[in-house]
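Read the structure below first, then the notes.
The first residue of the sequence shown is numbered 1, and numbering continues consecutively from there.
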Amino acid sequence: MELLQLQYFRTAAQLEHMTKAAEQLHIAQPALSKTISRLEEDLGVPLFDRVNRQIRLNAFGKAFLAKVEAALSSLEEGRQEVMDMAGLERGVVSIATSTLDRLSPALAAFREQYPEVSFRINQITPAETHTIGELLEQGGADLGFGPMYSYRQGIQELPVLQTEVFLAVPRGHRFAHQDSVTLEEIADEPFIEYKLGHPFRQVNDEISRRAGIQRTVVCEVEEPSALSSLVQAGLGLAFIPGNKEDEALQYRLLHIEGSVSRRTFSVFWNEARYLSEAAREFQRFLALYFAYKSSRRPLISE
């Protein structure tokens with residue numbers, strides 16, 4: 001049994017399609033089929049049910065896939081550990097995030113100090129934040145960044161950023177000249193919101209519920225950038241986490257009186273999996289970076 005056979009089998013099992021698997025592996029489809037057939041001969045059992053040109057992982061294949069994924073993951077950790085022996089400058093960090101806009105400045109700052117460190121970014125939609133935990137469990141990412149609403153056993157969390165939730169209003173709005181506003185004042189205003197099921201929508205609905213107001217949602221979006229753009233366009237108001245010093249020219253951020261709503265962003269990792277030296281350094285860097293951004297103190301790397 002060869003390592004290449006296991007890698008080919010995993011890809012074919014994940015896609016359940018020989019042609020697509022061959023394309024992803026950059027090999028000819030007949031070569032892939034022959035490799036899988038040799039593996040099945042070695043094992044003495046079929047791993048796929050074949051119907052016409054379709055393949056489906058059978059009970060033998062599912063059981064074997066779990067072991068193959070564990071073995072390949074252990075080999076990857078071993079490879080990473082050996083690479084670490086050559087120093088931080090050769091590291092590769094894999095990150096899963098649902099809030100790349102907040103992470104990007106920290107990535108750029110880290111790269112200034114460690115230009116040889118490479119990053120693999122797995123960007124997921126905010127509505128699929130739970131996927132971060134799954135990727136960390138399966139070894140698909142070294143670190144996760146963002147809000148996590150579905151905690152998993154063995155996943156560690158380090159809060160690194162807290163942001164106040166403001167009310168964003170377009171320039172020229174009747175509240176734009178104010179520094180703060182009460183939720184009661186805005187009860188009849190049109191709102192731009194995240195779609196139902198989005199974790200931030202749940203937070204925003206709770207803010208309104210506590211204040212005893214019923215908002216009029218005129219548009220629903222999935223991405224923070226769309227939220228900001230529609231506020232700038234004057235379509236409505238929105239709850240936006242941020243910093244007044246960073247507020248955009250196209251809209252105003254008003255403090256919400258009587259509300260202490262904040263959003264916390266954390267870095268996550270799986271305590272049962274090996275973390276490379278580069279990943280550990282970036283984890284530490286994130287805490288320093290956001291502490292500096294909050295305090296405006298000089299960023300010092302020990």
Side-chain angles (χ1 to χ4, degrees), residues 97-107 109 126-127 129 132 144-149 157-171 173-187 189-195 198-215 217 220-232 234-268 286-299:
T97 181
S98 59
T99 50
L100 185 58
D101 57 327
R102 294 194 177 276
L103 184 61
S104 294
L107 285 168
T129 302
I132 292 178
F145 178 81
M148 182 172 280
Y149 297 88
E157 172 187 8
L158 175 65
V160 294
L161 173 65
Q162 262 203 352
T163 59
E164 179 180 350
V165 176
F166 293 93
L167 180 73
V169 302
R171 294 286 180 178
H173 190 276
R174 62 192 179 98
F175 292 139
H177 67 283
Q178 301 178 193
D179 291 324
S180 62
V181 68
T182 66
L183 289 175
E184 289 76 14
E185 290 180 274
I186 60 173
E189 293 287 332
F191 265 80
I192 314 299
E193 254 301 352
Y194 292 104
K195 290 185 177 180
H198 191 291
F200 287 164
R201 174 66 178 268
Q202 298 171 20
V203 174
N204 294 343
D205 286 346
E206 179 61 19
I207 293 174
S208 302
R209 189 195 64 78
R210 290 200 305 264
I213 67 170
Q214 184 70 39
R215 292 172 300 144
V217 176
E220 295 180 326
V221 301
E222 291 185 350
E223 297 295 333
S225 58
L227 200 74
S228 302
S229 296
L230 292 176
V231 172
Q232 292 175 17
L235 269 70
L237 315 184
F239 292 130
I240 293 181
N243 188 317
K244 281 186 68 64
E245 295 182 7
D246 299 328
E247 85 178 56
L249 295 176
Q250 292 87 348
Y251 60 83
R252 293 286 318 282
L253 294 177
L254 310 183
H255 288 287
I256 302 173
E257 296 178 16
S259 173
V260 291
S261 180
R262 305 183 72 83
R263 291 182 188 165
T264 301
F265 298 83
S266 301
V267 57
F268 305 94
L286 284 178
L288 285 171
Y289 176 84
F290 286 116
Y292 153 72
K293 293 291 286 184
S294 298
S295 66
R296 303 298 174 182
R297 294 192 304 268
L299 181 59

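Counting only heavy atoms from C-beta outward, the side chains of Phe166 and His255 approach each other to under 4.5 Å. Between Val231 and Pro170, some side-chain heavy-atom pair lies under the 4.5 Å cut-off. No side-chain heavy atom of Asn204 sits less than 4.5 Å from a side-chain heavy atom of Phe191. Side chains of Arg252 and Asp179 form a contact here, defined as non-hydrogen atoms less than 4.5 Å apart.
Minimum heavy-atom separation, Ala287 to Leu158: CB-CD2, 4.2 Å. Annotation for Ser266 and Pro159: closest pair OG-CA, 3.3 Å, computed over non-hydrogen atoms. Considering every non-hydrogen atom in both Val160 and Val267, the closest pair reads CG1-CG1, 4.0 Å. Residue Ser228 comes nearest to Ile240 through the heavy atom pair OG-CD1, 3.9 Å, listed as atom of the first residue, atom of the second, then distance. Residues Ile132 and Ser98 approach most closely at CD1-N, 4.3 Å, considering heavy atoms. Closest approach of Thr99 and Gly146 over heavy atoms only: OG1-CA, 3.7 Å.
Figure legend: cation-pi geometry between Arg263 and Phe200, with NZ or CZ positioned under 6.0 Å from the six-membered ring centre and within 45° of its axis.
Checking side-chain atoms of Arg201 against main-chain N and O of Tyr194 turns up a donor-acceptor pair under 3.5 Å. Checked by atom type and distance alone, the side chain of Thr97 pairs as donor or acceptor with a backbone atom of Phe145 at under 3.5 Å. Not a single donor-acceptor pair under 3.5 Å links the side chain of Gln178 to the backbone N or O of Phe175.
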Using the rule given for side-chain contact (heavy atoms from CB on, under 4.5 Å), can you reason through Ile186 versus Arg215, listing the C-alpha separation, both sets of side-chain angles and the distance that settles it, and then say yes or no? CA-CA 8 Å; Ile186 60 173; Arg215 292 172 300 144; over 6 Å; no

Steps toward side-chain contact (heavy atoms from CB on, under 4.5 Å) verdict (Leu286, Leu161): CA-CA 9 Å; Leu286 284 178; Leu161 173 65; over 6 Å; no

Stepwise, does the side-chain contact (heavy atoms from CB on, under 4.5 Å) test hold for Leu167 with Phe239? CA-CA 5 Å; Leu167 180 73; Phe239 292 130; 4.2 Å; yes

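Among residues two or more places apart in sequence or in another chain, the salt bridge (charged side-chain N to carboxylate O under 4.0 Å, His left out) test is passed with Arg102 by none. By the salt bridge (charged side-chain N to carboxylate O under 4.0 Å, His left out) test, Asp101 pairs with no residue at all, sequence neighbours left out. In this view, Glu189 and Arg174 satisfy the salt bridge (charged side-chain N to carboxylate O under 4.0 Å, His left out) rule, not counting sequence neighbours.
Atom CG of Leu107 is separated from atom OH of Tyr289 by 9.5 Å, given to the nearest 0.5 angstrom. Atoms CZ and CG, from Arg210 and Asp205 in turn, are 11.5 Å apart once rounded to the nearest 0.5 Å. In this structure, CD on Glu185 lies 11.5 Å from CD1 on Ile256, to the nearest 0.5 angstrom.
Between Lys195 and Glu220 there is no salt bridge, since no side-chain nitrogen of the basic residue lies less than 4.0 Å from a carboxylate oxygen of the acidic one.
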